[in-house]
Protein chains: 2
Amino acid sequence: MPINSFVDYHMSWRPERRELTRPIYLSLARMLERDITEGFLPPGTKLPPQRELADFLDINFTTVTRAYKTCELKGLLHAVTGSGTFVSANAVRSVTISRDRVPVECIDFGLVASFEQSNFMIAEAVKKVAEKAGVERLLNYDDPAGIPHQKEAALRWMRPLGIEAATDQVAIVSGAQNALTITLLALFEPGSRIAVDEYTYSNFIELARSLRIKLIPIPGDDSGMLPEELDNSCRNAELQGVFLMPSCCNPTAIFIPNPRRKALAEVIEKHGLIVIEDDIHAALLHGTMPENGIPLRQMLPEQTVYICSTSKSICSGLRVAYIVFSDAMRERMLRAIYHVNVKTSSLDAEIITEIITSGRGTDIVAYKKSLAKSANDLFADYFPQPDDPGHPLSFFRWLRLPNPVHASRFESDLLAKGVRVFHSERFLAGTASRDHHVRVALSSTESREELRKGLEILRSHL
Amino acid sequence: MPINSFVDYHMSWRPERRELTRPIYLSLARMLERDITEGFLPPGTKLPPQRELADFLDINFTTVTRAYKTCELKGLLHAVTGSGTFVSANAVRSVTISRDRVPVECIDFGLVASFEQSNFMIAEAVKKVAEKAGVERLLNYDDPAGIPHQKEAALRWMRPLGIEAATDQVAIVSGAQNALTITLLALFEPGSRIAVDEYTYSNFIELARSLRIKLIPIPGDDSGMLPEELDNSCRNAELQGVFLMPSCCNPTAIFIPNPRRKALAEVIEKHGLIVIEDDIHAALLHGTMPENGIPLRQMLPEQTVYICSTSKSICSGLRVAYIVFSDAMRERMLRAIYHVNVKTSSLDAEIITEIITSGRGTDIVAYKKSLAKSANDLFADYFPQPDDPGHPLSFFRWLRLPNPVHASRFESDLLAKGVRVFHSERFLAGTASRDHHVRVALSSTESREELRKGLEILRSHL
DNA sequence: AAATTTGTAATTCAACATTTC
DNA sequence: TGAAATGTTGAATTACAAATT
């Protein structure tokens, strides 16, 4: 029997004892999920401690643990030892970012596109490939990891970025997100732990969640993840990997300087972590900083998966990315590629190959860089941030909000005014809801005029 | 202390007590995995019962349960209440099928290609699309599930197959395997159970294994899965879904007749299972049987995911498949598409669309049908199987071997003679290593002559 | 047909780790 | 600084279900 009657206590959640059916933990989890999704327990609510609720329901407290855990794995809750269990900020809605169902009439600073104005150059390459002899050979099941000359082009593209690899250490897949899925499936398992920045690309967060891979947020500073913090986390919990975007972290735009990269590499090597290095912006940012970033793949070739997408630098719609891996990983990576894709369209890969080998890729990158420069200059006019640690040519900026705001209300208010942005809360890997920021994509508007108009609306809203 | 010394008993596995570290169940699972992959415990070995091993190690028997369970989810074991726990047939090697690293000089009856001789017709469509105005609009992030007119074409393609759906119930993805990954990620979770035929497409087996989804093999007869057996399994264990290829099961080539489909649908509806209906051969086989198959999607629209790939029927290299789902599934499906692919290349989708709307698709299908007819006739000359229950136009045949053989030795002996086939053991979802078969792909050779030569070698080998 | 063997699952117990105050 | 609050995890207990003999 319950020790106390609890009539006088305040408990944020009081499930009906009579509604409990066996198995208890499942029915409790169902009730909890229902009350969260129906809004009775709004985001941020502190749930009763396990022992207290167990006492109230006259069950063992680890049965509550299980019910809470079930909801936590679904992303509805997060729990902190010592503090309690809380309803997640993103419990109700999905934080997945896509261009599906965006109101047509809005200025999109949400999804980070890639200055699609350059796509007429791609259209030319499409024509060129289509007219070549032997297109038929691009249309079968052969070479699931890419045709040899396509892989050569891939290596040629990555060489200036500091990547040297053999052709059997590279594979062609369908974009960076696809590469991440493949890598997580190939090298990790449910329950694995991967270190990430406190603010992390939200689609990676949800992908990991759906694969039941746990992300461990590591504190960072203006130069990115802190090596000593990573070292700490490795000591406390068994970590299998670390996810990094060294040339331009999404969403914070931070470029990790080489000394920091080296310090991180040392810690990573010491603990034998697998590095997932998403260098999606590398080609675009190369040559614009006093010193080019050294990829972690170069420092730790045996334990790094290097992902180089052409979506941002060349063309977003063709879905071509390169993955570089070590010999020890090859078998597992190829198998995962086969399970997820069978193969990537050789036609698309051939178009990108044509663009690279013809030298046109360099032109496209230069053009996108000039657009990025111009967009960032305009942004700086509206929001001067002299101490902004982000990369100066980033396709998006990380803007600190002067006052705390309600994240999803902020987004929807601004959307009502015709501008879509994403609040920092979407990018939270863990719990810590510290400062408030918005990520502002500069590469998705069709003209400088549209960009200006959107920035105007954003500034007046703040 | 252990009750008996066990010195006199035979136990198939005697892990070192001293090697156990805490947590016990994990270290025990690791030892078990090691001993299986290193071959000390060959496939089929019966492991000691949980209680016996627990007694031997002086631990609680549910700790052994957990260790066994861990290995079972990895696909290394399977357990049957009452009988015991056994090492899986495919525990050690991968059964993934791909065209990577096939000896160049072999006749490939392994991977099921799609009579690639018709690809010159696709090359024409590529040219046509490339020359159209507005190719740029195919090259951005828009419409992740497919451009509206492409989805219309998809529905037009599927309508004769018995599929009626709204445009927001269909999405374009990158081939059937990709569709399966997306479906499993969207609608199932680690630990979910899906019913499958005893012989099942081996890439689906491995995909499920990597997602820790458990496949429950259901006995069948010449008309496919047995409804009463499915009903039984549903009663005994909580199943969430069922995977079916009704128009031509891979690898057995069985076409499920309509009465059987209806009986299965009844059981499925009763238990509320999600149907994954991979109708990859539907377009090719339509109109060749006395009665066309009614898709399960038509009978159970709310609980079916219908997958219609164009890889086999139109072109394998372009990686385009259609998924049809119910309104209740939409949100989860779109999110999974975004996590795995972001989107499928609109260019590839447009080429397929062009082929469908121009009516060329029907020509291609007719051509492939004629090739399939001819190949099957040739096969029947070499291996008359008057009572073969498979579909007469199947791209592969399921050939019973007169005598039991060693599966992987059989494959490698034949490969040494220049022919690649796959033994039935690769397709075993569960345990029962019953009859011996080989799957012979008829659609992967480049000419009738090559096919004949391969069949000759195969016959003389038997 | 009943008893036995064997695996499954929910719950409870106990020890522990982290955070807060 | 250390005690209290709070969540985590492994293992044991218990009841049960299926297959075998």
Side-chain angles (χ1 to χ4, degrees), chain A residues 9 11-13 20-30 32 46-73 77-88 191 193 214 216-217 232-233 235-238 430-432, chain B residues 9 11-13 20-30 46-73 77-87 191 193 214 216 229 232-239 430-432:
Chain A
Y9 288 80
M11 275 209 312
S12 59
W13 187 50
L20 284 182
T21 57
R22 297 220 143 201
I24 298 171
Y25 82 99
L26 272 184
S27 80
L28 193 58
R30 264 197 306 273
L32 182 51
K46 181 176 190 301
L47 292 172
Q50 298 174 353
R51 286 167 177 84
E52 196 171 324
L53 183 60
D55 235 13
F56 171 71
L57 296 170
D58 198 18
I59 56 178
N60 185 279
F61 80 95
T62 54
T63 305
V64 179
T65 308
R66 269 190 96 175
Y68 279 10
K69 186 57 80 196
T70 305
C71 290
E72 190 177 6
L73 277 176
L77 309 175
H78 55 266
V80 187
T81 304
S83 319
T85 305
F86 306 84
V87 178
S88 285
R193 292 192 181 85
K214 208 169 166 190
I216 311 293
N232 264 339
S233 288
R235 260 190 255 280
N236 297 339
E238 180 130 343
T431 154
Chain B
Y9 290 81
M11 273 208 313
S12 59
W13 189 50
L20 286 181
T21 57
R22 298 217 144 204
I24 297 171
Y25 82 98
L26 272 184
S27 80
L28 191 60
R30 265 196 307 271
K46 181 176 190 303
L47 293 172
Q50 298 175 351
R51 285 167 178 83
E52 195 172 326
L53 183 59
D55 233 13
F56 172 69
L57 294 170
D58 200 18
I59 56 179
N60 186 278
F61 81 95
T62 56
T63 306
V64 179
T65 307
R66 281 184 81 180
Y68 279 10
K69 183 61 73 198
T70 305
C71 289
E72 188 176 9
L73 277 177
L77 308 176
H78 56 265
V80 187
T81 303
S83 325
T85 306
F86 306 84
V87 178
R193 292 191 184 86
K214 203 171 163 189
I216 311 293
E229 293 284 350
N232 263 339
S233 288
C234 287
R235 262 189 255 278
N236 298 339
E238 182 130 341
L239 298 193
T431 154

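For C/dT5, neither phosphate oxygen OP1 nor OP2 lies less than 4.0 angstrom from any side-chain nitrogen or oxygen of B/Q50. OP1 and OP2 of C/dT8 both lie 4.0 Å or more from every side-chain N or O belonging to B/T81. Remark: B/S83 is in phosphate contact with D/dT20, judged by side-chain N or O atoms under 4.0 Å from OP1 or OP2. For C/dG7, one of the phosphate oxygens OP1 or OP2 lies less than 4.0 angstrom from a side-chain nitrogen or oxygen of B/T85.
Here the P atom of nucleotide D/dA18 and the CD atom of B/E229 are 15 Å apart, to the nearest Å. In this entry the distance linking NZ of A/K46 with P of C/dT19 reads 15 Å, nearest Å. Computed from coordinates, the B/L47 CG to C/dG7 P distance equals 9 Å when rounded to whole Å.
Side-chain contact between B/T63 and B/L28 is absent, with no heavy-atom pair separated by less than 4.5 Å. Contact check for B/T21 versus B/R30: side-chain heavy atoms found under the 4.5 Å cut-off. Under the 4.5 Å side-chain criterion, counting only non-hydrogen atoms from C-beta, A/L32 is in contact with A/Y68.
Which of D/dA19, C/dG7, D/dT9 sits closest to the side chain of B/R51 comes down to C/dG7.
When heavy atoms are screened at a 4.0 angstrom cut-off, B/F61 is found touching base atoms of the nucleic acid.
In terms of polar N and O atoms assigned as donor or acceptor, the side chain of B/R66 never comes within less than 3.5 Å of the base of D/dG10 in a complementary pairing. Not a single donor-acceptor pair, N or O on each side, falls under 3.5 Å between the base of D/dA11 and the side chain of B/T63.
Panel note: side chain B/T85, backbone B/L47; no donor-acceptor pair is recorded below 3.5 Å.
Pair check for D/dT1 finds none; no Watson-Crick or G-U wobble contact set falls under 3.5 Å. Summarising the base pairing, C/dA1 is matched to no nucleotide, lacking a Watson-Crick or G-U wobble pair whose two defining distances lie under 3.5 Å.
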